[in-house]
Visitor: 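Starting off with a structure, shown below.
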Amino acid sequence: MTYCDIKKLTAEKREAKWWLEQENKKQGDRWTTLQHNGILFSPEYEPLPPNIMVKYNKKPVKLDSKNSNNSLNITAEEGAVFLAQKMEQDDRLAEKDKKRKKAIDDPVFTTNFWNDWKKVLGPNHIIKDLKGVDFSPVQKYIVERSNNKKSAKKAMSKEEKKEEKEQKDAVKDLYGYAVIDGVKIPIGGYAVQPPGLYIGHGNHPLRGRIKKRIQPTDVIINVSKTNIPKCSINGKPCKWGAVVEDHEVTWIASYRHPLTEELTHIFLKRDESHFVCSSDQEKFEKAKKLGENIEEIRKKYTKDLSSSKSETRQLATAVYLLDVLAIRPGTEKNEEKESDTLGLTTLKCSNIKFDIGNHVTINFSGKSSIEFKKKFKVSSIVYKNLQGSCEEKDKKKELFPNVNATSLNGYLKTLLPDLTAKNFRTWKASSILQEELDENIPDPDTPTYEKKLMYDRANIKVALELNHKKLGGSSDRVEKLKEKISEYKEKKKNAKTPKQKASAQKSIDLNTAKLEEAENNVATSTSKVNYISPQIVVAWCKKAEMPIEKIYNKASLTKFIWAMSTPSTWKF
DNA sequence: CCCCCGACTTGGCGCTACGCGA
DNA sequence: TCGCGTAGCGCCAAGTCGGGGG
């Protein structure tokens, strides 16, 4: 039973132990008792067969496959396997997308890799540079190994499959759950990150570096101290780095990311955690409140657009853009350790172009290096303010020099209590969906797939607004879909029965929607899961007599269980 | 007061299990 | 029943934002 289920229990069932625990909780505490069995460490390295070797200057070299006693806790051979795996993945993906860049051709990637691998090889190793190393025997071997594994799995008997599943389930039973205030809740990803290469998004400065193997001593466990889990690594006992009992946080374990040194946490599974459920609920309530107050907020910042104080003017102009574009706020970044991506408060003058008729074009590389580009019209006062910031031809100059994430959020709080910049994205997404669905309330006896299409189209609009894009090339997919559509159109023409005709039409409709998504390179899942209030969807489904399971998968149905009783008349 | 960092949400990608059409 | 395409899931990176410490 999850928290969300418990919330649904009626008042007379409140004698449950869980409720007692909740009432006895101190202010700020997230839990009273927390039990779990610790976390799972990466398995030891499995050496390659003795005859599998890299070549250095055309001569085979057997790399050490046993000694991992170095700063990265990996063997020399393991490092070679990491790169060979990456090369294999690149080769495979390059077949689909010819333009795709390979890591091995990227000097930053290879230099980063070499500098780390050198540490593992040691100072007196025969291998003196990466250029002379031929990884292809290792690459070839790992492909064979993976193919063998696949066919072995196919050939497995029913009993063997069952046994394998039981073994997996046993590990999951041990590590996959935490018991919080007496309620069993799944843990999301209970294994520490295995050692490997750091890839990153876009042109990350650390790409190609080796992430070391995490050891038990690197890990902090958060748990009720009366029930400290045993530390075990590959069947051997070990010692946790530390054990804490912090009632104010929801994580089970934490450790430093081996390269960025950021804390990495092991949390509860997001779809089933009651902490996530209730913060989600709050998030959408806040977004709704923003919508209810938007006119008043607009009035306030419009007045500030012509403030005599430059800082206030900048803040108001930034909020105007936030209101129109719903872009991310943008936080300061460390250029040596992070990609140089931007957000609203970190935009430079080089990211804006002034066109005639109060039109501006904003163009920048956002989260995960995804391009944002939009041309739109602004009010003349906003146009003047933006131009004012960029009068001098210095392109490196910031668009809002006196605004940062903190001051922006500070200003937003003067417009509406608790308002933050990212609330605008949630509000915009949800209100667009509400509007779209309001215009598309199907007759209950419309075919289900048509109702689904109405939802999907609205969802695509939201994803476009939030700039949720797929990075990979989609031209292949677009062509295929176009072909398919004309095929079905032909079929429809030649249909003999009305049933055949309807079935062809259905395929046309479905593939047209897919085409729309592919042509725009748009990804809908993020907005569906994080930005669109499920209450809107539930209300619409009830009105349209549309089964909600056609829209949400099992995980989302669990995460949004709190919204399922929303009445059909509900409005965002 | 400011900036750094802890905790949590958001986000795209690749793999795989599964469902559907031929 | 078989092969194929894709939804969904897990992985891990990359954001936001407030609070704590200097």
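Reckoned from all heavy atoms, side chains included, excluding hydrogens, waters and symmetry mates. Convention: sequence-line order gives letters A, B, ...; per-chain numbering from 1.
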Visitor: Do A/Val276 and A/Phe267 have side chains that approach each other closer than 4.5 Å (heavy atoms only, starting at C-beta)?
Guide: no
Visitor: Look for any protein N or O under 3.5 Å of an N or O in nucleotides 10-12 of chain C and output each such pair with its distance, or none.
Guide:
none

Visitor: Please check the phosphate of C/dC17 (OP1 and OP2 only) for any side-chain N or O of A/Thr331 closer than 4.0 Å.
Guide: no
Visitor: Students often get this wrong, so: under 4.0 angstrom with heavy atoms, is A/Gly343 touching a base, only sugar-phosphate, or nothing?
Guide: nothing
Visitor: Nearest whole Å is fine: how far is C/dT16 C1' from A/Leu412 CG?
Guide: 13 Å
Visitor: Please check the phosphate of B/dC8 (OP1 and OP2 only) for any side-chain N or O of A/Arg30 closer than 4.0 Å.
Guide: yes
Visitor: So, the side chain of A/Ser431 versus the backbone of A/Trp427: is there a donor-acceptor pair under 3.5 Å, distance only?
Guide: yes
Visitor: Between A/Asp246 and A/Arg30, does any side-chain N to carboxylate O distance fall below 4.0 Å?
Guide: no
Visitor: Nearest-nucleotide wise, let me know which of A/Lys150 and A/Lys283 is further upstream toward the 5' end of DNA chain B.
Guide: A/Lys283
Visitor: Taking the basic N atoms (NZ, or NE/NH1/NH2) and the acidic carboxylate oxygens, is any pair closer than 4.0 Å for A/Lys86 and A/Asp90?
Guide: yes
Visitor: Output yes when at least one side-chain N/O atom of A/Lys333 is less than 4.0 Å from OP1 or OP2 of C/dG15, else no.
Guide: yes
Visitor: Considering only side-chain heavy atoms of A/Ser368, which listed nucleotide, C/dA14, C/dT16, B/dC15, is closest?
Guide: C/dA14
Visitor: With the side chain counted from C-beta on, respond yes when A/Ile210 and A/Ile74 share a heavy-atom pair under 4.5 Å apart, and no when they do not.
Guide: yes
Visitor: Calculate the interatomic distance between A/Tyr255 atom OH and B/dA7 atom C1'; express it in whole Å.
Guide: 15 Å
Visitor: Is there a side-chain polar atom (N or O) of A/Arg100 under 4.0 Å from OP1 or OP2 of B/dG14?
Guide: yes
Visitor: Quick one: do A/Tyr531 and A/His468 satisfy ring-ring contact (aromatic ring centres under 6.0 Å, His included)? Show the steps, please.
Guide: CA-CA 11 Å; A/Tyr531 287 100; A/His468 287 146; 5.6 Å; yes
Visitor: Return the nearest nucleotide to the side chain of A/Lys554; candidates are B/dC15, C/dC9, B/dC8.
Guide: C/dC9
Visitor: Would you say the side-chain atoms of A/Asn530 pair up with the backbone N or O of A/Ser527, donor to acceptor, closer than 3.5 Å?
Guide: no
Visitor: Is there side-chain contact between A/Glu261 and A/Lys337, with heavy atoms separated by less than 4.5 Å?
Guide: yes
Visitor: Out of B/dC15, B/dC8, C/dC17, which nucleotide sits closest to the side chain of A/Arg92?
Guide: B/dC15
Visitor: Between A/Asp280 and A/Lys559, does any NZ, NE, NH1 or NH2 come within less than 4.0 Å of an OD or OE carboxylate oxygen?
Guide: yes
Visitor: Between A/Lys102 and A/Asp91, does at least one N-O distance fall below 4.0 Å, as a salt bridge requires?
Guide: yes
Visitor: Could you pick out which residue, A/Ala555 or A/Glu338, lies toward the 5' side of DNA chain C when each is mapped onto its nearest nucleotide?
Guide: A/Ala555
Visitor: Among the candidates B/dG11, C/dT16, B/dA7, find the nucleotide nearest to the side-chain atoms of A/Pro329.
Guide: C/dT16
Visitor: For a quick check of understanding: with a heavy-atom distance under 4.0 Å over all strands, which category does A/Ser254 fall into, base, sugar-phosphate or nothing?
Guide: nothing
Visitor: Describe the nucleic acid contact of A/Ser279 in one word from base, sugar-phosphate, nothing, applying a heavy-atom distance below 4.0 Å.
Guide: sugar-phosphate
Visitor: Is there a side-chain polar atom (N or O) of A/Lys367 under 4.0 Å from OP1 or OP2 of C/dT16?
Guide: no
Visitor: C/dC17 phosphate, OP1 or OP2: any side-chain N/O from A/Thr420 under 4.0 angstrom?
Guide: yes
Visitor: Classify A/Ile199 by what it touches in the nucleic acid, base, sugar-phosphate, or nothing, heavy-atom distance under 4.0 Å.
Guide: nothing
Visitor: Counting only side-chain N and O atoms of A/His468, is one of them less than 4.0 Å from OP1 or OP2 of B/dG11?
Guide: yes
Visitor: Could you list by number each residue of residues 258-266 of chain A showing a heavy-atom separation from DNA chain B of less than 4.0 Å, or answer none if no residue does?
Guide: A/Leu263, A/His265
Visitor: Could you check, using the six-membered ring where one of them is a Trp, whether A/His36 and A/Tyr190 have ring centers closer than 6.0 angstrom?
Guide: no
Visitor: Under a 4.0 Å N-O cut-off, is there an ion pair linking A/Glu549 with A/Lys554?
Guide: no
Visitor: Return the 5'-most residue of the pair A/Ala523, A/Trp251 with respect to DNA chain B, ranking by each residue's nearest nucleotide.
Guide: A/Trp251
Visitor: Whole angstroms only, please: what is the CZ-P distance between A/Phe372 and C/dG15?
Guide: 15 Å
Visitor: Establish, for the pair A/Lys288 and A/Phe572, whether the NZ or CZ atom is under 6.0 angstrom from the six-membered ring centre and no further than 45 degrees off its axis.
Guide: no
Visitor: In whole angstrom, give the distance that lies between atom CG of A/Asn423 and atom C1' of B/dT10.
Guide: 14 Å
Visitor: In whole Å, I'd like the distance from the CG atom of A/Asn459 to the C1' atom of C/dA7.
Guide: 14 Å
Visitor: Across the strands shown, which category fits A/Gln89 at heavy-atom distances under 4.0 angstrom: base, sugar-phosphate, nothing?
Guide: sugar-phosphate
Visitor: Are any side-chain N or O atoms of A/Lys428 and backbone N or O atoms of A/Val462, one a donor and one an acceptor, separated by less than 3.5 Å?
Guide: no
Visitor: Could you list by number each residue of residues 524-537 of chain A showing a heavy-atom separation from DNA chain B of less than 4.0 Å, or answer none if no residue does?
Guide: A/Thr526, A/Asn530, A/Tyr531
Visitor: Go through the N and O atoms of the side chain of A/Lys422 and the base of B/dT9, and report whether any donor-acceptor pair is under 3.5 Å.
Guide: no
Visitor: Could you check how far CG of A/Leu510 sits from P of C/dG5, rounded to whole Å?
Guide: 17 Å
Visitor: Would you kindly give the CZ-to-C1' distance between A/Arg209 and C/dA13, to the nearest whole Å?
Guide: 16 Å
Visitor: Are the aromatic rings of A/Phe109 and A/His204 close, with centres under 6.0 Å apart?
Guide: no
Visitor: Separation of A/Asn402 atom CG from B/dC2 atom P, in whole Å?
Guide: 13 Å
Visitor: Nearest to the side chain of A/Lys153 - B/dC15, B/dA17, C/dC17?
Guide: B/dA17
Visitor: Contact class for A/Lys337 (heavy atom, under 4.0 Å): base, sugar-phosphate, or nothing?
Guide: nothing
Visitor: Are OP1 or OP2 of C/dA7 and a side-chain N or O of A/Asn553 less than 4.0 angstrom apart?
Guide: no
Visitor: Counting the atoms with a prime plus P, OP1 and OP2 as sugar-phosphate, which does A/Arg256 contact under 4.0 Å by heavy atoms, base, sugar-phosphate, or nothing?
Guide: sugar-phosphate
